[in-house]
Amino acid sequence: MFKSIFSKLLVTVFAVLTLSFLVLALILSSFAGNYEMEREEEALFYTASEVKVMTEGSLRADGLASVAALFAGGNEDQAEIYRALLYNMDDMYLIVADTEGNILFAGNKTDTSLTPSSYGIPDALIAEVNEKGQSSGEAEIFPDKYYTYAAQRILLPSGSPGGIAICFSAAGEWPPFARLLTRTVLLASLWIVLGALIILYMFCERLAGPLKEMRNVSLQFAKGNFKRRVAVEGNDEIAALGTAFNQMADSLEELEDMRNTFVANVSHDLRTPMTTILGFIEGITSGAIPPEKQDYYLHIVTDEMRRLSRLVTELLDLSRLQSGSRKLNFTHFDICEMARLILISCEQRIEQKHLQVDFFAEEDNILVRADKDAVHQVLYNLCDNGIKFAREGSRFSLRIEYRKKKILVTVYNEGDGIPAEDLPHIFDRFYKADKSRGRDKTGAGLGLYIAKTIMDAHAEELTVDSREGEFCAFSFTVQRSEA
(Lines give C-alpha, C1' and ligand atoms only; values in the text may rest on other atoms or scores of the structure.)
Protein backbone atom coordinates (compact mmCIF):
# COMPACT_ATOMS: atom_id res chain seq x y z
CA MET A 1 0.00 0.00 0.00
CA PHE A 2 2.76 2.42 0.96
CA LYS A 3 4.77 1.63 -2.16
CA SER A 4 1.72 2.30 -4.26
CA ILE A 5 0.98 5.63 -2.55
CA PHE A 6 4.53 6.93 -2.74
CA SER A 7 5.06 5.59 -6.27
CA LYS A 8 2.06 7.63 -7.31
CA LEU A 9 3.46 10.62 -5.42
CA LEU A 10 6.85 10.27 -7.12
CA VAL A 11 5.31 9.89 -10.57
CA THR A 12 3.02 12.86 -9.97
CA VAL A 13 5.83 15.12 -8.77
CA PHE A 14 8.07 13.97 -11.64
CA ALA A 15 5.34 14.70 -14.17
CA VAL A 16 4.58 18.12 -12.66
CA LEU A 17 8.25 19.13 -12.51
CA THR A 18 8.97 17.86 -16.02
CA LEU A 19 5.95 19.61 -17.48
CA SER A 20 6.78 22.80 -15.59
CA PHE A 21 10.35 22.91 -16.85
CA LEU A 22 9.31 22.01 -20.38
CA VAL A 23 6.85 24.88 -20.37
CA LEU A 24 9.54 27.14 -18.87
CA ALA A 25 12.02 26.06 -21.55
CA LEU A 26 9.43 26.63 -24.26
CA ILE A 27 8.59 30.10 -22.94
CA LEU A 28 12.24 31.13 -22.56
CA SER A 29 13.28 29.73 -25.93
CA SER A 30 10.29 31.35 -27.58
CA PHE A 31 11.14 34.66 -25.94
CA ALA A 32 14.79 34.35 -26.92
CA GLY A 33 13.87 33.26 -30.45
CA ASN A 34 11.48 36.15 -30.95
CA TYR A 35 14.04 38.54 -29.52
CA GLU A 36 16.76 37.23 -31.85
CA MET A 37 14.42 37.35 -34.81
CA GLU A 38 13.49 40.94 -34.02
CA ARG A 39 17.16 41.81 -33.79
CA GLU A 40 17.81 40.04 -37.08
CA GLU A 41 14.97 41.91 -38.78
CA GLU A 42 16.37 45.17 -37.44
CA ALA A 43 19.82 44.21 -38.73
CA LEU A 44 18.41 43.34 -42.15
CA PHE A 45 16.56 46.63 -42.34
CA TYR A 46 19.60 48.59 -41.14
CA THR A 47 21.90 46.88 -43.62
CA ALA A 48 19.48 47.42 -46.50
CA SER A 49 19.32 51.10 -45.55
CA GLU A 50 23.13 51.33 -45.47
CA VAL A 51 23.37 49.66 -48.88
CA LYS A 52 20.83 52.17 -50.21
CA VAL A 53 22.81 55.13 -48.81
CA MET A 54 26.17 53.79 -50.04
CA THR A 55 24.83 53.01 -53.49
CA GLU A 56 23.19 56.40 -53.84
CA GLY A 57 26.46 58.03 -52.70
CA SER A 58 28.46 56.11 -55.30
CA LEU A 59 26.02 57.12 -58.03
CA ARG A 60 26.38 60.79 -57.11
CA ALA A 61 30.15 60.59 -56.76
CA ASP A 62 30.65 58.91 -60.15
CA GLY A 63 27.92 60.92 -61.90
CA LEU A 64 26.22 57.73 -63.07
CA ALA A 65 22.64 57.69 -64.30
CA SER A 66 21.85 54.07 -63.41
CA VAL A 67 22.71 51.42 -60.85
CA ALA A 68 23.68 48.99 -63.57
CA ALA A 69 26.50 51.35 -64.51
CA LEU A 70 28.19 50.66 -61.16
CA PHE A 71 28.78 47.05 -62.16
CA ALA A 72 29.47 47.60 -65.83
CA GLY A 73 32.73 46.07 -66.97
CA GLY A 74 33.03 43.82 -63.90
CA ASN A 75 33.45 46.58 -61.35
CA GLU A 76 34.71 44.76 -58.19
CA ASP A 77 35.14 47.89 -56.11
CA GLN A 78 31.46 48.22 -55.41
CA ALA A 79 31.24 44.50 -54.62
CA GLU A 80 34.07 44.85 -52.09
CA ILE A 81 32.22 47.75 -50.47
CA TYR A 82 29.13 45.57 -50.06
CA ARG A 83 31.12 42.64 -48.66
CA ALA A 84 32.81 44.95 -46.17
CA LEU A 85 29.38 46.13 -45.03
CA LEU A 86 28.27 42.51 -44.60
CA TYR A 87 31.45 41.45 -42.82
CA ASN A 88 29.86 41.11 -39.36
CA MET A 89 26.60 39.75 -40.70
CA ASP A 90 26.66 35.95 -40.57
CA ASP A 91 24.14 34.13 -42.79
CA MET A 92 23.01 37.43 -44.35
CA TYR A 93 22.75 37.79 -48.11
CA LEU A 94 22.51 40.92 -50.24
CA ILE A 95 20.87 41.46 -53.60
CA VAL A 96 21.11 44.68 -55.59
CA ALA A 97 18.76 44.84 -58.59
CA ASP A 98 17.39 47.44 -60.95
CA THR A 99 13.78 48.55 -60.91
CA GLU A 100 12.79 45.71 -63.24
CA GLY A 101 14.18 43.09 -60.90
CA ASN A 102 17.32 42.31 -62.91
CA ILE A 103 19.95 41.26 -60.35
CA LEU A 104 23.20 43.19 -60.52
CA PHE A 105 24.90 41.86 -57.35
CA ALA A 106 24.19 38.73 -55.27
CA GLY A 107 26.23 37.28 -52.37
CA ASN A 108 27.24 37.61 -48.73
CA LYS A 109 30.41 38.72 -46.97
CA THR A 110 32.59 36.03 -48.54
CA ASP A 111 30.60 34.20 -51.20
CA THR A 112 29.94 35.77 -54.59
CA SER A 113 29.86 32.51 -56.49
CA LEU A 114 26.09 32.41 -56.49
CA THR A 115 24.86 33.48 -59.87
CA PRO A 116 22.00 35.96 -60.18
CA SER A 117 19.94 33.24 -61.84
CA SER A 118 19.97 31.33 -58.53
CA TYR A 119 17.70 33.96 -57.08
CA GLY A 120 14.19 34.93 -57.86
CA ILE A 121 12.67 38.20 -56.71
CA PRO A 122 8.89 38.05 -56.59
CA ASP A 123 7.19 40.61 -58.79
CA ALA A 124 4.93 41.69 -55.92
CA LEU A 125 8.02 42.54 -53.83
CA ILE A 126 9.50 44.64 -56.65
CA ALA A 127 6.23 46.47 -57.18
CA GLU A 128 5.80 47.18 -53.46
CA VAL A 129 9.34 48.58 -53.07
CA ASN A 130 9.03 50.74 -56.18
CA GLU A 131 5.74 52.10 -54.90
CA LYS A 132 6.35 52.47 -51.14
CA GLY A 133 10.13 52.79 -50.98
CA GLN A 134 10.66 49.82 -48.68
CA SER A 135 9.34 46.40 -47.74
CA SER A 136 9.96 43.61 -45.20
CA GLY A 137 8.66 40.12 -44.42
CA GLU A 138 9.18 36.67 -45.94
CA ALA A 139 9.54 35.81 -49.61
CA GLU A 140 10.76 32.99 -51.87
CA ILE A 141 14.17 34.37 -52.79
CA PHE A 142 15.73 30.97 -53.55
CA PRO A 143 13.39 28.60 -55.39
CA ASP A 144 11.23 26.56 -53.02
CA LYS A 145 12.70 28.22 -49.93
CA TYR A 146 11.47 31.22 -47.96
CA TYR A 147 13.65 33.90 -46.46
CA THR A 148 13.22 36.83 -44.12
CA TYR A 149 14.06 40.00 -45.94
CA ALA A 150 14.19 43.82 -45.75
CA ALA A 151 14.22 45.86 -48.97
CA GLN A 152 14.97 49.53 -49.71
CA ARG A 153 14.46 51.57 -52.90
CA ILE A 154 17.61 53.11 -54.39
CA LEU A 155 17.15 56.58 -55.88
CA LEU A 156 19.14 58.01 -58.76
CA PRO A 157 20.73 61.49 -58.51
CA SER A 158 17.71 62.73 -60.42
CA GLY A 159 15.44 61.48 -57.65
CA SER A 160 13.77 58.78 -59.71
CA PRO A 161 13.75 55.08 -58.73
CA GLY A 162 16.90 53.37 -59.87
CA GLY A 163 17.06 50.02 -58.12
CA ILE A 164 16.37 47.82 -55.11
CA ALA A 165 18.62 46.70 -52.20
CA ILE A 166 17.42 43.47 -50.52
CA CYS A 167 19.03 41.94 -47.43
CA PHE A 168 17.77 38.50 -46.45
CA SER A 169 18.47 35.42 -44.32
CA ALA A 170 16.91 31.97 -44.12
CA ALA A 171 13.40 32.04 -42.61
CA GLY A 172 12.16 29.46 -40.12
CA GLU A 173 15.57 28.62 -38.68
CA TRP A 174 15.72 28.92 -34.90
CA PRO A 175 18.34 31.46 -33.88
CA PRO A 176 21.54 29.96 -32.37
CA PHE A 177 21.10 31.82 -29.09
CA ALA A 178 17.57 30.43 -28.70
CA ARG A 179 18.80 26.90 -29.40
CA LEU A 180 21.61 27.29 -26.88
CA LEU A 181 19.24 28.70 -24.26
CA THR A 182 16.78 25.83 -24.82
CA ARG A 183 19.49 23.19 -24.41
CA THR A 184 20.80 24.92 -21.29
CA VAL A 185 17.36 25.16 -19.68
CA LEU A 186 16.51 21.54 -20.53
CA LEU A 187 19.82 20.28 -19.15
CA ALA A 188 19.46 22.34 -15.97
CA SER A 189 15.86 21.17 -15.63
CA LEU A 190 16.96 17.54 -15.92
CA TRP A 191 19.42 17.93 -13.04
CA ILE A 192 16.88 19.84 -10.96
CA VAL A 193 14.22 17.15 -11.53
CA LEU A 194 16.67 14.39 -10.60
CA GLY A 195 17.71 16.26 -7.46
CA ALA A 196 14.09 16.93 -6.55
CA LEU A 197 13.21 13.24 -7.00
CA ILE A 198 16.09 12.18 -4.75
CA ILE A 199 15.00 14.62 -2.04
CA LEU A 200 11.37 13.59 -2.48
CA TYR A 201 12.29 9.90 -2.21
CA MET A 202 14.18 10.55 1.04
CA PHE A 203 11.22 12.58 2.33
CA CYS A 204 8.77 9.83 1.37
CA GLU A 205 10.87 7.24 3.15
CA ARG A 206 10.88 9.42 6.26
CA LEU A 207 7.14 9.92 5.91
CA ALA A 208 6.47 6.23 5.36
CA GLY A 209 8.41 5.13 8.45
CA PRO A 210 5.89 6.34 11.07
CA LEU A 211 2.97 5.16 8.94
CA LYS A 212 4.46 1.70 8.61
CA GLU A 213 5.05 1.64 12.36
CA MET A 214 1.42 2.65 12.97
CA ARG A 215 0.29 -0.14 10.67
CA ASN A 216 2.39 -2.71 12.55
CA VAL A 217 1.17 -1.46 15.91
CA SER A 218 -2.46 -1.53 14.73
CA LEU A 219 -1.96 -5.17 13.69
CA GLN A 220 -0.83 -5.83 17.25
CA PHE A 221 -3.99 -4.11 18.49
CA ALA A 222 -6.02 -6.47 16.32
CA LYS A 223 -4.37 -9.37 18.16
CA GLY A 224 -5.31 -7.88 21.53
CA ASN A 225 -1.90 -6.42 22.41
CA PHE A 226 -2.50 -2.80 23.46
CA LYS A 227 0.93 -2.23 25.02
CA ARG A 228 2.70 -1.10 21.84
CA ARG A 229 3.17 2.58 21.05
CA VAL A 230 4.66 4.48 18.11
CA ALA A 231 7.69 6.73 18.43
CA VAL A 232 6.84 10.44 17.98
CA GLU A 233 9.46 12.82 16.64
CA GLY A 234 9.11 16.49 15.70
CA ASN A 235 6.00 18.63 15.82
CA ASP A 236 4.54 18.31 12.32
CA GLU A 237 1.28 16.68 11.18
CA ILE A 238 2.82 13.19 11.23
CA ALA A 239 3.94 13.74 14.83
CA ALA A 240 0.44 14.97 15.70
CA LEU A 241 -1.00 11.85 14.07
CA GLY A 242 1.42 9.70 16.07
CA THR A 243 0.41 11.47 19.29
CA ALA A 244 -3.28 10.95 18.50
CA PHE A 245 -2.55 7.31 17.67
CA ASN A 246 -0.85 6.81 21.03
CA GLN A 247 -3.75 8.51 22.79
CA MET A 248 -6.11 6.14 21.02
CA ALA A 249 -3.92 3.24 22.16
CA ASP A 250 -4.08 4.53 25.74
CA SER A 251 -7.87 4.68 25.51
CA LEU A 252 -8.05 1.20 24.03
CA GLU A 253 -5.77 -0.19 26.71
CA GLU A 254 -7.77 1.53 29.41
CA LEU A 255 -11.01 0.26 27.88
CA GLU A 256 -9.59 -3.26 27.71
CA ASP A 257 -8.54 -3.07 31.36
CA MET A 258 -12.01 -1.84 32.30
CA ARG A 259 -13.58 -4.57 30.22
CA ASN A 260 -11.50 -7.21 31.98
CA THR A 261 -12.40 -5.65 35.32
CA PHE A 262 -16.03 -5.58 34.28
CA VAL A 263 -15.99 -9.25 33.30
CA ALA A 264 -14.39 -10.10 36.64
CA ASN A 265 -16.90 -7.94 38.53
CA VAL A 266 -19.91 -9.29 36.67
CA SER A 267 -18.67 -12.83 37.10
CA HIS A 268 -18.31 -12.20 40.82
CA ASP A 269 -21.67 -10.42 41.04
CA LEU A 270 -23.40 -13.25 39.21
CA ARG A 271 -21.62 -16.09 40.95
CA THR A 272 -22.05 -14.80 44.52
CA PRO A 273 -25.88 -14.40 44.59
CA MET A 274 -26.39 -17.53 42.51
CA THR A 275 -24.24 -19.51 44.93
CA THR A 276 -26.16 -18.03 47.87
CA ILE A 277 -29.53 -18.71 46.25
CA LEU A 278 -28.56 -22.26 45.30
CA GLY A 279 -27.21 -22.98 48.78
CA PHE A 280 -30.30 -21.75 50.60
CA ILE A 281 -32.75 -23.45 48.23
CA GLU A 282 -30.88 -26.74 48.54
CA GLY A 283 -30.90 -26.30 52.32
CA ILE A 284 -34.66 -25.74 52.30
CA THR A 285 -35.46 -28.60 49.89
CA SER A 286 -33.15 -31.03 51.67
CA GLY A 287 -34.53 -30.14 55.11
CA ALA A 288 -31.18 -28.86 56.38
CA ILE A 289 -32.85 -25.53 57.16
CA PRO A 290 -35.69 -26.01 59.66
CA PRO A 291 -39.16 -24.69 58.70
CA GLU A 292 -39.11 -21.96 61.30
CA LYS A 293 -36.02 -20.38 59.65
CA GLN A 294 -37.08 -20.83 56.03
CA ASP A 295 -38.85 -17.45 55.83
CA TYR A 296 -35.67 -15.69 56.95
CA TYR A 297 -33.56 -17.38 54.30
CA LEU A 298 -36.23 -16.91 51.65
CA HIS A 299 -36.00 -13.14 52.29
CA ILE A 300 -32.26 -13.39 51.68
CA VAL A 301 -32.93 -15.30 48.47
CA THR A 302 -35.39 -12.57 47.42
CA ASP A 303 -32.80 -9.86 48.04
CA GLU A 304 -30.25 -11.76 46.00
CA MET A 305 -32.75 -12.15 43.18
CA ARG A 306 -33.39 -8.40 43.21
CA ARG A 307 -29.65 -7.87 43.07
CA LEU A 308 -29.43 -10.13 40.02
CA SER A 309 -32.37 -8.32 38.46
CA ARG A 310 -30.68 -4.92 38.91
CA LEU A 311 -27.48 -6.25 37.37
CA VAL A 312 -29.30 -7.69 34.36
CA THR A 313 -31.29 -4.44 33.96
CA GLU A 314 -28.07 -2.41 33.91
CA LEU A 315 -26.55 -4.72 31.31
CA LEU A 316 -29.66 -4.43 29.15
CA ASP A 317 -29.64 -0.63 29.51
CA LEU A 318 -25.99 -0.60 28.49
CA SER A 319 -26.72 -2.73 25.44
CA ARG A 320 -29.64 -0.51 24.39
CA LEU A 321 -27.62 2.68 24.85
CA GLN A 322 -24.69 1.34 22.82
CA SER A 323 -26.93 0.10 20.02
CA GLY A 324 -28.96 3.34 19.96
CA SER A 325 -32.24 1.45 20.29
CA ARG A 326 -33.27 3.41 23.36
CA LYS A 327 -35.18 6.48 22.14
CA LEU A 328 -36.01 9.46 24.31
CA ASN A 329 -39.65 10.42 24.82
CA PHE A 330 -39.79 14.07 25.86
CA THR A 331 -42.72 15.04 28.07
CA HIS A 332 -43.53 17.72 30.66
CA PHE A 333 -43.48 16.57 34.30
CA ASP A 334 -42.92 17.82 37.84
CA ILE A 335 -39.31 17.19 38.88
CA CYS A 336 -40.09 18.08 42.52
CA GLU A 337 -42.81 15.43 42.75
CA MET A 338 -40.45 12.88 41.23
CA ALA A 339 -37.74 13.73 43.78
CA ARG A 340 -40.18 13.43 46.70
CA LEU A 341 -41.40 10.01 45.54
CA ILE A 342 -37.82 8.77 45.19
CA LEU A 343 -36.99 9.92 48.72
CA ILE A 344 -40.12 8.19 50.04
CA SER A 345 -39.09 4.95 48.28
CA CYS A 346 -35.70 5.19 50.03
CA GLU A 347 -37.18 6.03 53.43
CA GLN A 348 -36.41 2.67 55.01
CA ARG A 349 -32.74 2.79 54.04
CA ILE A 350 -32.51 6.40 55.17
CA GLU A 351 -33.87 5.50 58.59
CA GLN A 352 -31.53 2.52 58.86
CA LYS A 353 -28.53 4.84 58.48
CA HIS A 354 -30.12 7.61 60.58
CA LEU A 355 -29.47 10.20 57.87
CA GLN A 356 -30.46 13.83 58.26
CA VAL A 357 -32.39 14.51 55.07
CA ASP A 358 -32.53 18.03 53.66
CA PHE A 359 -34.88 18.54 50.70
CA PHE A 360 -34.94 21.98 49.09
CA ALA A 361 -36.88 23.20 46.04
CA GLU A 362 -37.34 26.82 45.04
CA GLU A 363 -41.00 26.05 44.32
CA ASP A 364 -43.30 23.22 45.34
CA ASN A 365 -43.86 22.31 41.70
CA ILE A 366 -41.31 22.79 38.92
CA LEU A 367 -42.09 21.54 35.45
CA VAL A 368 -39.31 20.27 33.21
CA ARG A 369 -39.21 18.87 29.69
CA ALA A 370 -37.31 15.59 29.34
CA ASP A 371 -37.74 11.83 29.15
CA LYS A 372 -39.44 11.13 32.47
CA ASP A 373 -38.34 7.51 32.83
CA ALA A 374 -34.74 8.34 31.90
CA VAL A 375 -34.52 11.24 34.36
CA HIS A 376 -36.11 9.06 37.05
CA GLN A 377 -33.43 6.43 36.41
CA VAL A 378 -30.67 9.03 36.75
CA LEU A 379 -32.06 10.66 39.89
CA TYR A 380 -32.84 7.33 41.55
CA ASN A 381 -29.32 6.07 40.80
CA LEU A 382 -27.74 9.21 42.28
CA CYS A 383 -29.95 9.02 45.40
CA ASP A 384 -29.28 5.32 45.78
CA ASN A 385 -25.51 5.89 45.58
CA GLY A 386 -25.73 8.90 47.88
CA ILE A 387 -27.54 6.91 50.57
CA LYS A 388 -25.32 3.87 50.08
CA PHE A 389 -22.06 5.76 50.59
CA ALA A 390 -23.29 8.28 53.19
CA ARG A 391 -21.74 8.08 56.62
CA GLU A 392 -24.19 6.88 59.26
CA GLY A 393 -25.92 9.75 60.99
CA SER A 394 -24.58 12.28 58.43
CA ARG A 395 -26.42 14.78 56.27
CA PHE A 396 -28.01 13.85 52.96
CA SER A 397 -29.61 16.54 50.79
CA LEU A 398 -31.45 16.89 47.51
CA ARG A 399 -31.73 20.38 46.04
CA ILE A 400 -33.69 21.65 43.02
CA GLU A 401 -32.80 25.16 41.86
CA TYR A 402 -33.26 27.47 38.90
CA ARG A 403 -30.30 28.07 36.57
CA LYS A 404 -31.49 30.52 33.90
CA LYS A 405 -33.61 28.42 31.52
CA LYS A 406 -32.57 25.19 33.14
CA ILE A 407 -33.17 23.36 36.41
CA LEU A 408 -30.19 22.20 38.48
CA VAL A 409 -30.67 19.05 40.60
CA THR A 410 -28.00 18.25 43.21
CA VAL A 411 -27.66 15.11 45.32
CA TYR A 412 -25.29 15.63 48.25
CA ASN A 413 -24.03 13.28 50.93
CA GLU A 414 -21.42 13.35 53.65
CA GLY A 415 -19.15 10.36 53.70
CA ASP A 416 -15.89 9.00 52.38
CA GLY A 417 -16.18 10.93 49.10
CA ILE A 418 -14.35 10.00 45.94
CA PRO A 419 -10.52 10.00 45.72
CA ALA A 420 -9.12 12.73 43.48
CA GLU A 421 -7.44 10.18 41.20
CA ASP A 422 -10.80 8.50 40.57
CA LEU A 423 -12.78 11.64 39.75
CA PRO A 424 -11.73 11.86 36.05
CA HIS A 425 -12.92 8.26 35.52
CA ILE A 426 -16.03 8.16 37.66
CA PHE A 427 -18.35 8.23 34.62
CA ASP A 428 -16.32 5.71 32.61
CA ARG A 429 -17.89 2.47 31.55
CA PHE A 430 -17.20 -0.50 33.89
CA TYR A 431 -15.30 1.78 36.29
CA LYS A 432 -15.56 1.24 40.04
CA ALA A 433 -13.71 3.51 42.43
CA ASP A 434 -14.05 0.91 45.19
CA LYS A 435 -11.77 -1.68 43.62
CA SER A 436 -11.54 -3.59 46.88
CA ARG A 437 -15.36 -3.95 46.69
CA GLY A 438 -15.41 -3.13 50.37
CA ARG A 439 -18.17 -0.52 50.18
CA ASP A 440 -20.09 -1.42 47.03
CA LYS A 441 -20.92 -5.07 46.72
CA THR A 442 -24.01 -4.70 44.56
CA GLY A 443 -22.90 -2.61 41.55
CA ALA A 444 -21.12 -3.45 38.33
CA GLY A 445 -19.71 -0.01 37.61
CA LEU A 446 -22.37 0.85 35.05
CA GLY A 447 -24.85 3.06 36.91
CA LEU A 448 -22.99 6.35 36.57
CA TYR A 449 -21.93 5.59 33.00
CA ILE A 450 -25.57 4.97 32.07
CA ALA A 451 -26.64 8.15 33.89
CA LYS A 452 -24.00 10.20 32.06
CA THR A 453 -25.01 8.71 28.72
CA ILE A 454 -28.67 9.54 29.38
CA MET A 455 -27.87 13.16 30.23
CA ASP A 456 -25.60 13.46 27.18
CA ALA A 457 -28.52 12.25 25.05
CA HIS A 458 -30.56 15.10 26.57
CA ALA A 459 -27.72 17.53 25.71
CA GLU A 460 -27.48 18.24 29.45
CA GLU A 461 -24.63 18.06 31.96
CA LEU A 462 -23.90 15.59 34.75
CA THR A 463 -21.03 16.63 37.00
CA VAL A 464 -19.45 15.57 40.27
CA ASP A 465 -17.76 17.49 43.06
CA SER A 466 -16.12 15.63 45.91
CA ARG A 467 -13.58 15.93 48.66
CA GLU A 468 -12.20 12.66 49.97
CA GLY A 469 -13.26 11.93 53.52
CA GLU A 470 -15.79 14.79 53.60
CA PHE A 471 -18.55 14.88 50.95
CA CYS A 472 -19.70 14.03 47.44
CA ALA A 473 -22.20 15.95 45.30
CA PHE A 474 -23.61 14.94 41.91
CA SER A 475 -25.44 17.57 39.86
CA PHE A 476 -27.30 17.46 36.58
CA THR A 477 -29.28 19.97 34.57
CA VAL A 478 -32.59 19.52 32.82
CA GLN A 479 -34.54 21.80 30.49
CA ARG A 480 -37.15 23.97 32.19
CA SER A 481 -40.62 23.55 30.74
CA GLU A 482 -42.13 26.56 28.98
CA ALA A 483 -45.64 25.04 29.11
Side-chain angles (χ1 to χ4, degrees), residues 261-319 337-359 373 376-398 411-418 430-451 469 471-472 474:
T261 302
F262 167 73
V263 171
N265 291 346
V266 170
S267 299
H268 179 275
D269 290 336
L270 289 173
R271 184 175 61 250
T272 300
M274 290 176 66
T275 302
T276 302
I277 292 170
L278 181 61
F280 288 150
I281 290 179
E282 287 180 347
I284 292 174
T285 57
S286 65
I289 297 177
E292 62 273 13
K293 291 187 177 181
Q294 288 181 5
D295 286 343
Y296 172 76
Y297 288 107
L298 285 174
H299 282 299
I300 296 177
V301 169
T302 301
D303 290 338
E304 294 299 322
M305 290 296 294
R306 290 195 182 99
R307 177 180 170 186
L308 281 176
S309 178
R310 286 195 300 269
L311 177 59
V312 172
T313 299
E314 286 185 343
L315 292 175
L316 289 174
D317 284 340
L318 175 63
S319 176
E337 181 66 18
M338 176 184 288
R340 285 190 285 265
L341 291 175
I342 290 175
L343 288 178
I344 291 173
S345 68
C346 299
E347 183 177 1
Q348 184 178 359
R349 296 170 57 208
I350 291 173
E351 290 180 353
Q352 287 176 352
K353 300 194 75 168
H354 307 290
L355 299 180
Q356 304 172 23
V357 178
D358 178 16
F359 177 76
D373 292 337
H376 184 280
Q377 183 178 355
V378 173
L379 185 54
Y380 184 88
N381 181 275
L382 296 180
C383 290
D384 181 69
N385 285 342
I387 295 170
K388 183 190 303 182
F389 295 112
R391 191 167 45 246
E392 187 169 353
S394 63
R395 186 168 69 93
F396 173 84
S397 71
L398 198 161
V411 178
Y412 171 93
N413 77 314
E414 294 177 347
D416 293 337
I418 301 173
F430 312 136
Y431 190 81
K432 294 187 70 172
D434 183 22
K435 297 180 177 59
S436 68
R437 306 183 64 81
R439 294 178 294 172
D440 183 9
K441 297 180 181 297
T442 62
L446 292 174
L448 290 177
Y449 170 77
I450 293 173
F471 71 90
C472 181
F474 284 88

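- Within the 4.5 Å cutoff, the side chain of Phe471 has no heavy atoms near those of the Asp416 side chain.
- Taken from NZ in Lys353 to CD in Glu392, the straight-line distance is 7.5 Å, to the nearest 0.5 Å.
- Contact annotation: the side chain of Leu448 approaches that of Asn385 to within less than 4.5 Å [non-hydrogen atoms, C-beta and beyond].
- Between Leu379 and Leu398, some side-chain heavy-atom pair lies under the 4.5 Å cut-off.
- Within a 6.0 Å sphere centred on CD of Glu292, heavy atoms belonging to other residues, nucleotides or ligands number more than 12.
- A donor-acceptor pair is defined here as one N or O able to donate and one able to accept, closer than 3.5 Å; such a pair exists between the side chain of Ser394 and the backbone of Glu414.
- Checking side-chain atoms of Asn413 against main-chain N and O of Gly386 turns up a donor-acceptor pair under 3.5 Å.
- Rounding to the nearest 0.5 Å places OH of Tyr380 at 12.5 Å from CG of Leu341.
- Rounding to the nearest 0.5 Å places NZ of Lys388 at 11.0 Å from SG of Cys346.
- A distance of 12.0 Å separates CG in Leu355 from CD in Glu347, rounded to the nearest 0.5 Å.
- Cys383 SG to Ile350 CD1: the interatomic distance, rounded to the nearest 0.5 Å, is 8.0 Å.
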Residue pair Tyr412, Phe396: steps toward the ring pair (Phe, Tyr, Trp, His ring centres under 6.0 Å) verdict | CA-CA 6 Å; Tyr412 171 93; Phe396 173 84; 8.6 Å; no

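- For the residue pair Gln294 and Ile289, the shortest heavy atom distance occurs at NE2-O, 3.5 Å.
- Going from atom CD of Glu337 over to atom CD1 of Ile342 covers 10.5 Å, rounded to the nearest 0.5 Å.
- In plain terms, the two heavy atoms of Ala288 and Pro290 that are nearest each other are O-CD, 3.6 Å.
- Contact record, Gly417 with Cys472: CA-CB, 4.3 Å, taken as the closest heavy-atom pair.
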